[in-house]
Structures are given as C-alpha cells and as structure tokens.
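Here's the structure, in structure tokens; my notes come after.
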Amino acid sequence: MKTRINNITIKGIRGAKDSLELPLNGKSILLYGDNGTGKSSISDSIEWFYTNRVSHLSSNSEIDLKDALRNSTLNADDISKVNISFVKEPDLDCSKTLFNKRDKLTTDFSNASDIFKQYLDSSKEENLLLRYQYLTDFIDTTKGDKLKYLSDIIGFSEVTKKKEVLRKSYSSIKTEIKNQNFETLINNEKQKLIEKLGASISQEENLIEKINEKIKPLKTGIEVKEMEDINKILGHLKNSTNNNLNKELAFLEKANTVLNTLKAEIDFIGSEYVQYYDEFEVIANDVESIMQTFLGELLKTGDTVLSKKYHKEASCPLCLQPKNVEELRTEIASRLKAIEESSKKKASFDKAKQLVNTITVERIKRLDTVLSESLITADESKLIKTGFVGLKGKIAEYQKSSLERVTSGNKIPKAETIKLSATDFDFQNGIATRIKQIQEIFKKDNSAVLYSNISASKDAFLKIKQFEKQKVKLEKQRKTLEIIYNEFVKRQKEGLENFISAFSGKINEYYQDMNPDEPFQDIAIETIGEEDELIGITIKYKYNGNWVSPPQKYFSESHLNCFGLSFFLASVNAFNKKNEFIVLDDVISSFDSNHRKRFAELIFEKFSKYQIILLTHEEDWFTNIVSPLAKNKNWLINEIKWTEDKGTYLEEEPSELKERIEKNLAESNVADLGNPIRRYLEFSLKEIAFNIEAKVSFNYNGTNEHRMPHELIIRIKSEIKVCSPELKNQFTLIDKILASPILNSLSHASTFNPKAGDLKAFWADILELEKIFICEQSDCKRPMVSLKNYDTVAKKIRCGCDHTKYDWKK
C-alpha cells in the first residue's frame, strides 16, 4: 500500500504559532496565501519531519536550524511539533517535537517502532518536495553545478554519493588503522601480562596454564579449564579480599594504562600535528590558488564547449570578449594544470587535517573513560582528576586546531607551544605510589594479590585479543572495500546509461505536455566522463531537427524551469515507491501564463493518482486556473492567513469544524481535539455577542477578531445580567462553561490533559448554550436570537420566527 497523509498538525513551527491543522483525509489540497502569511511553514514542517533539515535554512551556516524552526514568540517551556497521521496506516502516525531540555533544543519522535523507522529511512530516498528556489538555482548556477543539481533531482546524486561513501570508507579505514595505533595498545597490554603473571602470553591455553600454576598453592579445588572458569576463581578469591581496595586498584591500574598508552604516543601525536601544521601553512600562504580549485569544473566545461564547437565565435563564451579560441584553450589548459597541483595540495591537507582530528577525538575518548569512573570524584582522586583534565585540555588544543578553517586568516599554534611533554604526566607518580601501597597491603593476603593479578591479566589478555581482532577486521574491510570501489566505478556508468535511456522518455513526455508545438523535441539526458570515472550528466535536445546542447542556448527562463519540473516529476514517478504524496511550494512563480496553465493541466491529468499539497501566492493562477480544476477533481481548497496573535492559520467554516469535532468525539479520537473545540466556541460566542450587542472593550482593527472565549463569556453574561432577568436563569450553564478547566488550557501550555469524557461533557455544554440563542425550528429563516428581531411592544429579543424569545430591556 502506498502512503497518503490523513492529517497534518503543526504547532510552534516557523509561522505557525498556534495549531495549524490540515485535515486532508487522503485528498489533495490547494492552498493560496500572500507572501509572508507562512505558506512555507507547511513545506518546512514536512521537510523537517522527514529529513531533519530545511534546505533553504540548512544551506546558511550562520543559521541554527532548530532555533530558526521554532516560532519566535514561544516561551522556553513551549513545545513545537509536527504531527502527521496516515490513511489506513495508523502504525506510521507520529509526532516530531522540538523542545528545550537543559537549555538546549532537542527533537524527539513519538513513534519509536521499527516499522516507522523503516518508513522514515525509505522516505528519505524519495522525492517528496519541490520549491521554487530549486528551479532558480538551476537557472543561475554554472553548467557544472547544473549537472550536480539535475543529478540530485533524478536521484543520480545518490549513486555518486554511494561511490563517495565507498571511497571515503576505504580512506577512513586506512586512517582508522593508523589512528588506533594498535601496536602500542597491544604492547602495553602485553607488558601488563608480564608484570602480573611473569610471562608474555599470546594463547588462551598458556594463560589458563599460568593461572592454574598461580592458584595451585591455595588448594581451592577449582581448576581453570576455559576462560569462563577464570570468573569462578575470581569470585572465590573476591570473598576473602577487601573489595573496596580491589575497586580502587582496578581504577588506578586503568588510569595508569591509559596514561602509559598516551605517554607512548607523544611522538606519534606530535609528528602528525607537525605534518598538519606544515600542510596548513602551505595552504594558508596560497589560499588564492586553492580557491581556484572550485573553478575547475567551470574551466573543464568551458574547454568542452570550445573543443566541441558549441561556441563558434572568436570570443570567450563566458564574458563574450574577443579572444582567439586556440589561445583561450591553451590558457584554460595551463590553469587546469595549476588547479590540479593545487587540488593535490588540498587533498594532502584534508587528509592531514582529518587524521589529527580523528586521533584527538579517540584520545579524548580514552581519557573520558577514566573521567567517567565513579572513583574519580573521591577526595583521594583530586590530583588524578586534575591531571586527566589537564591532559584532555592539551589534546583539545590539538583538536581545536584541526577544526580551524584555512581560509579564516587565523593561524594555528606551532607544535612546540601545545605539544605534550613528560612533565604533563608527573601526577602519574602519585598513582604509582598508591598502587604500591595497595599491593603492600595485599602482600599480607595472598588471595588479594592473586585476585588483583589474575583479574588484571584476564582483562589485558582479552584486550589484546580485541585489538588483534579489530586490526584484522579493519585490514579485511580495507582490502574488500578497495575491490568493491574499483568494481563500482566500472559498473556505475553502464548501469546509469541503461536507466537513463528509459528515464529520458518520461522527462520528454512531461516537458512536451508543457511545451506543445514548439521546436524543441526529443529531450534527453546523457552521461559524460571517462570510462572509469563518471563526471555527471548533460542535456541535449533537437531544435529544428538538429541536436543542441546546452538547454540555455535557446531556452527562455520558463523553458528552463520546465526542465526542472520535468526532472522532478519524472523522478517522483521513477523513485517514489512508498509515498503517494508530493509537496509543490510556489513552483510556477517565473512561468509565463501559457506554461502555468499547462503545468496545472499536467499535474491534474498525469498525477491524479498522487496526493498533492500545492502552495501558491499567485492569486490569478489560483483563482482562474487551478481552483476550477481542483474543484472538478474534488481537491480541498483553502486560503492561508496570518495574524500576529494566531500566526499562520487556515480559517475553517464553523459547520465544517463542528462536523469534524463531532466525528472525532464519536470515535473517541480526542488527540489534539482541544484547540478545534476552543475555536468553535470562539465562533459561537462571537456570533452570540454580536447579536445581543454585548459590550466589549475597544480594540484597533483586526484585534477585535481575536477575542478570547473567557472575555466573550464574561461580556455576554454582563449584558444578560443588565437586560434579561429571564436569561439569568441560564447563568448556571454559562458559569459551568466559564469555570471549566478546559476553557483556558486547550491551546496553551498546561499540565491539564483533558480526557475523552471531559471533552464530550464540555462540548455538550457548548451545544446547550447554542440552543438558548439559536432557534431549533427547521423552517425558521433567521434562527439566531438577535436584537435585529427585537419586539418593541413585548420588549423581547427573539429569532426570526418568534418561536425562541426572551424578555430583554433595551
């Protein structure tokens, strides 16, 4: 079953201050809203729900995404959320929340099931959202970037990413093998074995033999035959030892091992940092040439344009200044050669930078294993803690330097100013002294000595085996990935070309639907690059019978946007296997009128099987073109509005709202039902207040439209008290509504969580209140009890048919 959306609730995200609800029930929806009303709050929310990012926010490194997502008027304790429920798939229903936890914004999913996680993972591979910004990016960028952009749309970028993942994984494993420094780790544990058992042991049977030899004089009756038996002997010995001293000794020996390992790596860490420092200096002193590497693709594309004579004039195809073509190609070749050298420097720098970072992260992690021990907080451990914190600070200096941007203009510290030295480990003498003290105590108890030695020996042996296993595993992975990567590169181009031959037909179909009877035919994409390395894709088409490339040679802005839309829609058709909905956010802004109409016809005719959320600020297109088509296809249609008080919202008709509330109450589906009930109560109270001319305080402009229910009830009650002794009998009901804890807690942060029974009772009171002011006679033309129908003789306020009436003093 393909997935469709049943309902979307957005609260506290971007422009949506209060709950913004889209009860879709699997239907498509057309939404119109002026710029600034918060249309994109919907697309932003959906994108964040599925991808944990918002592309037009995430692209700006200065923007904190989580902070930018939250509505700016929220209090620190308020929770922002996006809730999506699905048609006939309740197992996928989920709320994604954004909230403050320990002064830090945190996200969480309410659905932690495996089926939802699988759904979310598969959705990330699909094309669910297209914004207008994507199309303008395609128009404005260079050809090389256009190729990448189009690759992203059709999904080829995912193939390239997988290749990059393989390459990076291969490089990462090589770096990891070096970073872990297995030889030093293994040698340190071997040294511990010699110290504890008096022998260098490499096999399990040798360890067991040596332990049996050590415990024989105790005559415990236990013989160690396998590794599990060591725990038995340790348990036996533990009962007769000082457990607190054992714990302290284990902690001290762990700290000592970490320090010995780090001390042995001083030269290793220092030499890697020196190499990084030298590479940094080379790049920092020649930033301009390194920046030129980003022009490589542009220059290669320019050379291709010239070599294939796409540009036949004696001028530069970019700036159009007069230039001999051969001279220009010679200059391009020279610049590409210089860029190639700069690229090699940058690659060497990136490798050194990454290695320093991974080395420091791993060493900090090792230090943290000691700092996280419970005994580190003891008074006796103050010097140890201070020493470890100091070492961590020094390693952090290395790490900080590895994060410095070479283009920032900042310098990184020279190696001698931050390097580790033997004096940084002076506090280790205190550890050694305490270890000896404990060992002296244990000498009086042979069981304690054996317990300590056997426990430490077992741990050391297991660590050696673990390190050896990790090393073998990483070496095997490195060799395997090397083979896979080389084969992947060979197969990549072949597989893509087979796909593209079929995929191009669908792209051309959609493009021709939007551009009929024009001289652009047989739109196609093709791969470019060498046999062993695929660069990307390019576009060609027939223009008046001749093959032409690139598209912008003859295409207008609308035609280029049609390309972007065609690629996206074709990719939806090809790749979206799980989801049957898409979001189109203001995608036709730069289209001319003909293309706008044809695009609308395309999505209604050829994407009728999809649930579409279509957002636009183009009023004429909305009113005259899309709305009639949408009504004909039974789409939902609504307008998005914004006020400072409510934020972004959809105005729902009271009758529709009432129907939805009663349906949900009947099904006991009360999640998020509080806010719709409050809104309906507002509608009802405003109408009652208007008809009895209840006096409310003066407010400017639209503020009058946002009276809260509590204020309205008070004013209605005050008017009745003055004008109608008869209606004063209804104060019990009015006071009941007024006193309800539900009234002022439904749409705000509150600890009160109304249950189904609470909401049903409150709803019944609201309906009872309406019966007082609305005539129940089916033939009543004006059912509202209103001063417009006032009986001046009988001095009664009444409905239009005179059936419902009350004494009223004007």
Side-chain angles (χ1 to χ4, degrees), residues 654-655 657-666 668 670 673-697 704 706-748 750-778 780 782-791 794-810:
S655 58
L657 193 56
K658 184 176 183 179
E659 180 181 348
R660 178 157 63 91
I661 291 168
E662 292 183 336
K663 180 177 181 294
N664 284 325
L665 285 174
S668 293
V670 298
L673 191 57
N675 194 54
I677 291 178
R678 182 190 65 79
R679 282 164 45 210
Y680 182 85
L681 179 59
E682 281 183 14
F683 283 126
S684 187
L685 292 173
K686 284 176 183 177
E687 194 156 16
I688 293 169
F690 175 77
N691 282 294
I692 68 172
E693 297 181 4
K695 298 173 180 62
V696 295
S697 59
N704 278 302
H706 309 298
R707 302 281 181 182
M708 297 301 288
H710 186 275
E711 179 190 5
L712 290 167
I713 293 176
I714 293 293
R715 298 305 177 186
I716 290 169
K717 186 178 177 183
S718 297
E719 199 69 21
I720 291 172
K721 188 175 181 179
V722 172
C723 300
S724 180
E726 184 179 357
L727 277 176
K728 284 172 68 175
N729 296 329
Q730 303 297 334
F731 276 9
T732 301
L733 174 63
I734 294 173
D735 288 340
K736 188 178 177 183
I737 295 173
L738 192 60
S740 172
I742 299 176
L743 179 63
N744 293 309
S745 63
L746 290 177
S747 63
H748 306 286
S750 173
T751 56
F752 178 66
N753 183 24
K755 307 300 181 186
D758 299 324
L759 292 169
K760 288 178 180 178
F762 189 61
W763 179 248
D765 290 340
I766 293 171
L767 297 182
E768 194 65 27
L769 179 66
E770 284 188 333
K771 287 180 183 178
I772 298 171
F773 295 95
I774 301 175
C775 180
E776 295 186 49
Q777 299 297 308
S778 59
C780 184
R782 300 188 303 278
M784 288 300 303
V785 174
S786 173
L787 283 169
K788 292 179 181 178
N789 307 316
Y790 186 71
D791 186 339
K795 299 190 181 302
K796 291 183 179 290
I797 190 171
R798 59 183 179 172
C799 67
C801 73
D802 200 45
H803 178 268
T804 306
K805 51 191 173 182
Y806 308 101
D807 293 331
W808 194 270
K809 179 183 176 182
K810 267 188 146 184

Please name all residues satisfying side chain to side chain donor-acceptor pair (under 3.5 Å) with N729, sequence neighbours left out, ordered by chain then number.
-> none
With sequence neighbours left out, what residues match K736 under salt bridge (charged side-chain N to carboxylate O under 4.0 Å, His left out)?
-> D765
Go through the steps to decide whether L685 and L769 satisfy the test side-chain contact (heavy atoms from CB on, under 4.5 Å), and finish with yes or no.
-> CA-CA 9 Å; L685 292 173; L769 179 66; 3.9 Å; yes
Qualifying residues under side chain to side chain donor-acceptor pair (under 3.5 Å), relative to D791, sequence neighbours excluded | none
Can you check side-chain contact (heavy atoms from CB on, under 4.5 Å) on F762 and R678, steps first, answer last?
-> CA-CA 10 Å; F762 189 61; R678 182 190 65 79; over 6 Å; no
Check side-chain contact (heavy atoms from CB on, under 4.5 Å) between K663 and all other residues, then give those that pass, not counting sequence neighbours.
-> E667
Check whether more than 12 heavy atoms from other residues, nucleotides or ligands sit under 6.0 Å from atom OH of Y790, and answer yes or no.
-> yes
By side-chain contact (heavy atoms from CB on, under 4.5 Å) - contacts of I714 (at least two apart) | H710, S718, L738
Should we say atom CD of E659 is surrounded by more than 12 heavy atoms from elsewhere, each under 6.0 Å from it?
-> no
Between C799 and N789 the two heavy atoms that sit nearest each other are C-ND2, 3.5 Å
Side-chain heavy atoms of L767 within contact of E662, under 4.5 Å | yes
Pairs involving residues 721-731, ordered by first then second residue, that meet salt bridge (charged side-chain N to carboxylate O under 4.0 Å, His left out) (sequence neighbours left out) | none
Provide the closest heavy-atom pair for V785 versus N691 in the form atom of the first, atom of the second, distance.
-> O-CB, 3.4 Å
Identify, with sequence neighbours excluded, every residue that meets salt bridge (charged side-chain N to carboxylate O under 4.0 Å, His left out) alongside D802.
-> R798, K805
Could you state the interatomic distance from CD1 (I688) to CG (L681), rounded to the nearest 0.5 Å?
-> 8.5 Å
Taking C-beta and beyond as the side chain, do K760 and S668 meet within less than 4.5 Å on heavy atoms?
-> yes
Taking only residues two or more places apart in sequence or in another chain, which ones pass side-chain contact (heavy atoms from CB on, under 4.5 Å) with Q777?
-> C775, D779, C780, C801, H803
Between CD1 of I720 and CD1 of I734, what distance do you get to the nearest 0.5 Å?
-> 4.0 Å
Taking side chain to side chain donor-acceptor pair (under 3.5 Å) as the test, write out the residues that go with R715, two or more places apart.
-> none
Answer yes or no: is there a side-chain heavy-atom contact under 4.5 Å between N664 and R660?
-> yes
The ring pair (Phe, Tyr, Trp, His ring centres under 6.0 Å) partners of Y680 (sequence neighbours excluded) come to W763
When you measure from the side chain of S724 to the backbone N and O of D807, does any donor-acceptor pair fall under 3.5 Å?
-> yes
Value for CD1 (I692) from CD (E687), rounded to nearest 0.5 Å, stands at 12.0 Å
Nearest 0.5 Å please: distance from the OG1 atom of T804 over to the NZ atom of K796.
-> 12.0 Å
Could you list the residues that satisfy side chain to side chain donor-acceptor pair (under 3.5 Å) with K795, not counting sequence neighbours?
-> none
With rounding to the nearest 0.5 Å, note down the distance linking NZ in K810 to CD1 in I797.
-> 9.0 Å
Taking all atoms of both residues into account, what is the closest heavy-atom pair of K717 and F731, and its distance?
-> O-CZ, 3.6 Å
CD1 (I766) and CD1 (I661) are apart, to the nearest 0.5 Å, by 7.5 Å
For K695, what residues pass the salt bridge (charged side-chain N to carboxylate O under 4.0 Å, His left out) criterion, not counting sequence neighbours?
-> E719
